[in-house]
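Everything on this sheet refers to the single structure shown next.
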Amino acid sequence: FGMFHTAILDQKRRVSGSGIRVIRKPKEITIRVPLKALGNPKKILTSATTYLGGLSLEWVSWRILELP
């Protein structure tokens with residue numbers, strides 16, 4: 001993505017596949033990952049960090065998502 005790089009990880013394992021989508025807007029990033037790519041979990045512990053080079057710019061605290 002040029003200067004933009006996105007990595008989606010399941011613990012330390014990079015998740016890749018055809019259903020993953022990253023949508024960037026000026027003040028928003030939406031990431032969609034099929035649950036099948038994560039092994040169909042019942043709960044997800046999630047967080048996000050943005051970097052500029054090696055410098056961490058922003059971190060979103062941990063969230064627990066309970067899935068039906």
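Atoms considered below: every heavy atom in the structure, side chains included; atoms not considered: hydrogens, waters and symmetry mates.
In this structure, I20 is a member of the same hydrophobic cluster as L67, with clusters built from ILVMFWY side-chain heavy atoms closer than 4.5 Å.
Here R14 pairs with nothing under the salt bridge (charged side-chain N to carboxylate O under 4.0 Å, His left out) rule; sequence neighbours left out. Contacts of I29 classified as side-chain contact (heavy atoms from CB on, under 4.5 Å), with partners at least two apart in sequence or in another chain: V22, R24, I31. By the side-chain contact (heavy atoms from CB on, under 4.5 Å) test, R21 is found to be paired with R32, residues two or more places apart in sequence or in another chain being considered. Here L55 pairs with L57 under the side-chain contact (heavy atoms from CB on, under 4.5 Å) rule; sequence neighbours left out. S56 pairs by the side chain to side chain donor-acceptor pair (under 3.5 Å) definition with nothing, not counting sequence neighbours.
Rounding to the nearest 0.5 Å gives a distance of 5.5 Å between CD1 of I44 and CG of L38. Distance check: T50 OG1 to E58 CD gives 5.0 Å after rounding to the nearest 0.5 Å.
Closest approach of V15 and A37 over heavy atoms only: CG1-CB, 3.8 Å.
Hydrophobic cluster of L45: the remaining members, joined at side-chain heavy-atom separations below 4.5 Å, are W59, W62, I64, listed by chain and number.
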